[in-house]
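These numbers come from a predicted model, not from an experiment.
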Amino acid sequence: MASSGVVIVGAGHAGGSAAAFLRLAGYTNPITLVGEGKELPYLRPPLSKGFLTGSTQAEHLLLKTEEFYSSNSITLRLGSACVAVDPAAKFITLADGTQLAYDKLVLACGSTPSRIPVLNARNTHVLASLHDAVRLKNRLKARNRLFVVGGGYVGLEAAATARIAGLHVTVVEQQERILARVASPVIAAHISEMHRQHGNDIRTGVSVTQAERSDVDTITTVELSDGTRLEVDDILVGIGATPALTFARHAGLVCNAGIDVDENCRTSDPDIFAIGDMTRRPLSDGRQMRLESVQNALEQARRVAAELTGHPLPTPETPWFWSDQFGAKLQIAGVKKPGLRTVRRFFPDKERLSVLHLLEGRLICAETVNAAQDFMAARHIIGQCLSIDEKSR
């Protein structure tokens, strides 16, 4: 009987990369790539940076050209949402009722941006897709006040981009500092000061409580929890995202804060794999957590391709993350955890910064700003589980 091959649900960075890596690894059975959106798989990090400024065009975001998929016999089912998985019969069901059989299934469905009900309006945006970015880009051309809710990577990157374009930008974060979930207080203070020096208004420890509208679908004024009222033209909500787990749960897969997978991205069903933002994966120190990054998506895609083709598995990578804001490059290697000793490395200039997090002399995580050599060295040291001499900093 002919093989049903691999069906990949999710045509984002993770899913598109998995399809490509499978063919490059010599997989010869059918590959079907299912995507809810109509676009070919594309890069998402530039959406909050170069794409908004116009320095990066949409065609330059593509992971691969359409010709790549056709010449490598990868069937594209774009504009097709998966609504159900039947693990016993080994098929998925699309929104139009089509059923696709699989031998192995790879879930790469990503996550859904969180929203704030009081801010639902025509001039409120999220930034999770090319469609979102095009919409925001077109609005920013005609507006001059951007109100950003959320002091994480996406919100701050968009705030920096908007300020460079000449907009008046206010960022509000309900935590007591920006980057509270992903960076140390030292890094957060450095990035916050950089934004203020460029003219952005950064407000922490406050949230949105009310919104006034000029009509039913346009917000003109927001009120914050400290009583401040701000006039706005457009609003960007960047407060995180929720992994897309609905049909994974219905299929009986073990899910917590994401789909639980092992080191080779296998779920609780041996014929179903999951990769990317929707997964809760093991780290080298035994922790299990979600890693929302391009590096994680690519590493997991490579591991699935190796697993399904019988190739040697890639060496586990040190998790790393990055962000560009106002020309400064924030790079993080490793994942912090409680109980670490924090050491700051000083440079002659204020543009560079390195913050090291250690456990009994062993480097666990390094955060750098404009210090690429420190970042690359940290990735190697963490990956090799080496100790460092703190006196040499």
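Ion pairing between Arg139 and Asp234 holds under the 4.0 Å rule for side-chain N and carboxylate O. One finds no salt bridge joining Asp226 and Arg203 here, because no Lys/Arg side-chain nitrogen approaches an Asp/Glu carboxylate oxygen to under 4.0 Å.
Looking only at atom types and distance, the side chain of Arg44 has no donor-acceptor partner in the side chain of His13 under 3.5 Å away. No side-chain N or O of Arg177 forms a donor-acceptor pair with one of Thr204 less than 3.5 Å apart. Judged by distance alone, the side chains of Thr309 and His311 do bring a donor and an acceptor atom under 3.5 Å apart. Thr218 and Asp215 share a side-chain donor-acceptor pair at under 3.5 Å.
In this structure the side chain of Pro243 reaches within 4.5 angstrom of the side chain of Arg290, judged on heavy atoms. Using a 4.5 Å heavy-atom threshold, the side chains of Cys365 and Lys337 count as separate. Arg362 has its side chain within reach of Cys385: a pair of non-hydrogen atoms, C-beta onward, lies under 4.5 Å apart.
Residue Lys329 places its NZ atom among more than 12 non-hydrogen atoms of other residues, nucleotides or ligands, all under 6.0 Å distant. Around CZ of Arg181, the count of heavy atoms belonging to other residues, nucleotides or ligands within 6.0 Å does not exceed 12. Arg115 CZ: 12 or fewer foreign heavy atoms inside a 6.0 Å radius. The number of heavy atoms from other shown groups lying within 6.0 Å of CD (Glu59) is above 12.
Remark: Thr161 OG1 to Leu140 CG distance equals 9.5 Å, nearest 0.5 Å.
A continuous path of Ile, Leu, Val, Met, Phe, Trp and Tyr side chains, each step under 4.5 Å between heavy atoms, connects Ile8 with Leu308, placing both in one hydrophobic cluster.
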**OP:** Test side-chain hydrogen bond (donor to acceptor under 3.5 Å, both in side chains) on Thr98 and Asp96 and set out the steps.
**Re:** CA-CA 6 Å; Thr98 301; Asp96 64 3; 2.8 Å; yes
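Counting only distance, with no hydrogens or angles, the side chain of Asp277 and the backbone of Glu292 share no donor-acceptor pair below 3.5 Å.
Residues that satisfy the ring pair (Phe, Tyr, Trp, His ring centres under 6.0 Å) test with His195, not counting sequence neighbours, are Phe326.
For residues 346-358, the salt bridge (charged side-chain N to carboxylate O under 4.0 Å, His left out) pairs, not counting sequence neighbours, are Asp349-Arg352.
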